[in-house]
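Here the structure comes first, spelled out in structure tokens, and everything after it is commentary.
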There are 4 protein chains.
Amino acid sequence: MEENQLIKQLIDSGKISDPETPRGRLLVAAAQLFKEKGYNRTTVRDLAAQVGILSGSIFHHFKNKDEILFAVMNEVVIAMDEALKVSLSKANTINDKVRALIANELDFIHGKTSNATYVMVYEWRALSESYQQQIMQGRAGYFELWQSTMDEARREGVIAMEPDCLRQLLHGAIIWTSHWYKSDGKLTIRQLTNRILSLAIKPSSN
Amino acid sequence: MEENQLIKQLIDSGKISDPETPRGRLLVAAAQLFKEKGYNRTTVRDLAAQVGILSGSIFHHFKNKDEILFAVMNEVVIAMDEALKVSLSKANTINDKVRALIANELDFIHGKTSNATYVMVYEWRALSESYQQQIMQGRAGYFELWQSTMDEARREGVIAMEPDCLRQLLHGAIIWTSHWYKSDGKLTIRQLTNRILSLAIKPSSN
Amino acid sequence: MEENQLIKQLIDSGKISDPETPRGRLLVAAAQLFKEKGYNRTTVRDLAAQVGILSGSIFHHFKNKDEILFAVMNEVVIAMDEALKVSLSKANTINDKVRALIANELDFIHGKTSNATYVMVYEWRALSESYQQQIMQGRAGYFELWQSTMDEARREGVIAMEPDCLRQLLHGAIIWTSHWYKSDGKLTIRQLTNRILSLAIKPSSN
Amino acid sequence: MEENQLIKQLIDSGKISDPETPRGRLLVAAAQLFKEKGYNRTTVRDLAAQVGILSGSIFHHFKNKDEILFAVMNEVVIAMDEALKVSLSKANTINDKVRALIANELDFIHGKTSNATYVMVYEWRALSESYQQQIMQGRAGYFELWQSTMDEARREGVIAMEPDCLRQLLHGAIIWTSHWYKSDGKLTIRQLTNRILSLAIKPSSN
DNA sequence: TATGAATGAGTCTTCATTCAT
DNA sequence: TATGAATGAAGACTCATTCAT
């Protein structure tokens, strides 16, 4: 719900597309199809059909197919970054901060933006190089938040490993949950967050 | 080194292709290109050029492009399974066994078969459904080895989480190393193995 | 002339394609090329060139090459059937009815639809099996008209042979005319019709 | 049986290939496959497989695929011509002569050489133009036998039509039997011969 | 003579993109 | 802005033919 608040803000400020607009609908459809079938196996016609328009009309909203993939990823990048900032600002202890890192990423992978988040990771190579660079620049702030939080955790002695290494191991563990975690299974998202947190931080506090 | 021994055995027994043969060379090239550019963006001509033949000749060795992707994945599946069996048979303590699980997977992701292993994970959806099923059948044994080892670890009290959940988290952490770990960086593979092991197992023994 | 009337009706009712539309033009070209060079030796590019479009555009009108062959044949099937119904309805004596059978078929083989009719006979094996079945179903009515007319002729004693056998012999004789009969030669179509009729029916009445 | 006698003579004299030799076996297989699948859809590999050799070996026996088709047709041409000569030489009355024309052709269409005969008619356009001319030259004698016999029949008043026209109509009726006549059906070949003869000749004599 | 891997031109088909309406 | 026919480059795959062994 707070997430929704944030998303509304981002829409209103024009940072991400309103899913009620044609452009927004297209991006939602693209995220879904790119996840299901992969970018290359999704045709522009598929995309158009999914939103009930004809293929030619897509190019009134996006210069080309590549730009659609970019937009899908870019909006996730922006939203993840903003959401993490909010989350971290509410966390007081270092423990809570690390939990915020993990929880935020899990939210994106299993929440409303799951498709786009998945696409960002698994269709990376389908993106043209120049767009890849733009995305990487966009993610810089996000990674710095992770980095500095992990550094802090290291200084406070709650993690037992090089912060950089741990960060990457956690990223991997989290992203991979998209392949096996079912929100209707035994584990709640909150419990899953705790499990991953327990990998990162000595068991004193979970 | 022992790995090489095993691979030779597998080649001799016909389970995987000899990289000296045309078929084997094709598979090596395919793994590399599929990793670099993705399956869809790799053309049959690319593949042929890489091994110095013409595109038509590829179809003397494989029925179609799909079969090449399958073969790349399938040989990894076989080799990973065999290698893990050997590794586990040499491990005495539960600690060593879990380390074997991790070390084996890291070996495949960063060793000679890194390309093919990467392809198996990241080009999964490019594989036709019937081949996906074959691969999944082929991996069943491998996953059982993980599962039973993790179960044992749980019974012996060295892991603090549902074995199934931990298994998946470790898989994710390990696979993701393909994106960031450089063998010529600060961390040796052995050290990386220890780092991951330390996530899994209480710090009494590493 | 009446034939033209009928064809217009069929076009208007959507049963066969208007030769003014792209689809219709393609079908006319296909019939011609398939007759001249055979289905297999006619490339999609040949076809496109003939109607002045590019090869890719063909697939806006037909799913694949096979469907083009089917459409060529199917439109002949429909038109032959309709034309025969009209002809028979105007025939009073049994003699006239048998003449109608023959004349109708000769019209198709030597009239405007000669190419398509030829293709239907001589490219039959090039058609995929499922399409063959559809065509055969479509021809059932036509053959029944022949059959029942021949049966009637037999009952009335004007033919001296098993109706089934005679029907087939006449079909063969008629179809083969596509190889030798020239409308600008010694024989008019009407005379040719009489010749064939004289094979079928005792010379009392022609 | 007499037919077999003749074929042996032709083999011995080198006019047609011995089906025991590789070349002969190839021609038998080619006739069969060309009939079943059509020339274009029959691959050289299919052919090789059918006779138990490998594709490359075919070119020790024939310069190219085209030559195989030519050879199939050419041997039929030769055999039909020789067989007709023999048959005609045994016929005394004009009636018997016309029957010989018909019977001979039916023999080839439904006898041992049925495949090759079928191919000669239905794969004509698949043959290169220069070979077509050779075949047509080879058939000239055969057609002259038909022509002169028909002319004679006309002079004797047993046929009621231009000999040329009747000849073609009979050819068509006869060839078409390949599509419907079954030797295990109601009609024997001899009866079928009579039916066709009755089309040609006034019913005084069958 | 037989082999069979390799050739390379040629086939059908796909699809992102354009553009006149 | 939407349409959808047309584009044309590119793709996977086929196959008659060659040739070193």
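Chain identifiers are assigned alphabetically (A, B, ...) following the order of the sequence lines, protein sequences preceding nucleic acid strands; residue numbering begins at 1 within each chain.
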task: Residues of residues 16-24 of chain D with any non-hydrogen atom less than 4.0 angstrom from an atom of DNA chain E: list those, numerically ordered, please.
output: none
message: Dot-bracket, 5' to 3', for DNA chain E please: Watson-Crick or G-U pairs under 3.5 Å, [ ] where pairs cross earlier ones, | where the partner sits on another strand, dots elsewhere.
response: .||||||||||||||||||||
field: Heavy-atom protein contacts under 4.0 Å, nucleotides 13-21 of chain E, coded B base, S sugar-phosphate only, - none
entry: BBBSBB---
Given atom [atom1] of [X] and atom [atom2] of [N], what is their separation to the nearest angstrom?
X	N	atom1	atom2	result
B:D46	F:dA12	CG	C1'	13 Å
B:L47	F:dC13	CG	P	11 Å
A:I53	F:dT1	CD1	P	11 Å
D:L26	F:dA16	CG	P	13 Å

Please table the atom pairs, donor to acceptor, closer than 3.5 Å between any side-chain atom in residues 127-138 of chain C and protein atoms at least two apart or in another chain.
residue, atom, partner, partner atom, Å
C:S128, OG, C:D66, OD2, 2.9
C:Q132, NE2, C:W124, O, 2.9
C:Q132, NE2, C:L127, O, 3.2

statement: Sorted by chain and number, sequence neighbours left out, side-chain contact (heavy atoms from CB on, under 4.5 Å) with B:A116 holds for B:A31, B:V72, B:V76
- request: Under the side-chain contact (heavy atoms from CB on, under 4.5 Å) rule, collect the residues that match up with A:S17, sequence neighbours excluded.
  value: A:R23, A:L27, A:E75
message: Give me each pair satisfying ring pair (Phe, Tyr, Trp, His ring centres under 6.0 Å) with a member in residues 9-28 of chain C, each pair once, sequence neighbours excluded.
response: none
- prompt: Which parts of residues 28-37 of chain B get close to DNA chain F, meaning a heavy atom less than 4.0 angstrom away?
  reply: none
- prompt: Quick one: salt bridge (charged side-chain N to carboxylate O under 4.0 Å, His left out) pairs with a partner in residues 29-38 of chain D, sequence neighbours left out?
  reply: D:K37-D:D46
- prompt: At under 4.0 Å between heavy atoms, what does B:I58 touch on the DNA or RNA strands: base, sugar-phosphate, or nothing?
  reply: nothing
Would you list the atom pairs, donor with acceptor, under 3.5 Å between side chains in residues 51-63 of chain B and any protein atom, with sequence neighbours excluded?
residue, atom, partner, partner atom, Å
B:S57, OG, B:L54, O, 3.3
B:K63, NZ, B:E67, OE2, 3.3

query: Can you name the salt bridge (charged side-chain N to carboxylate O under 4.0 Å, His left out) partners of D:R125, sequence neighbours left out?
result: C:E123
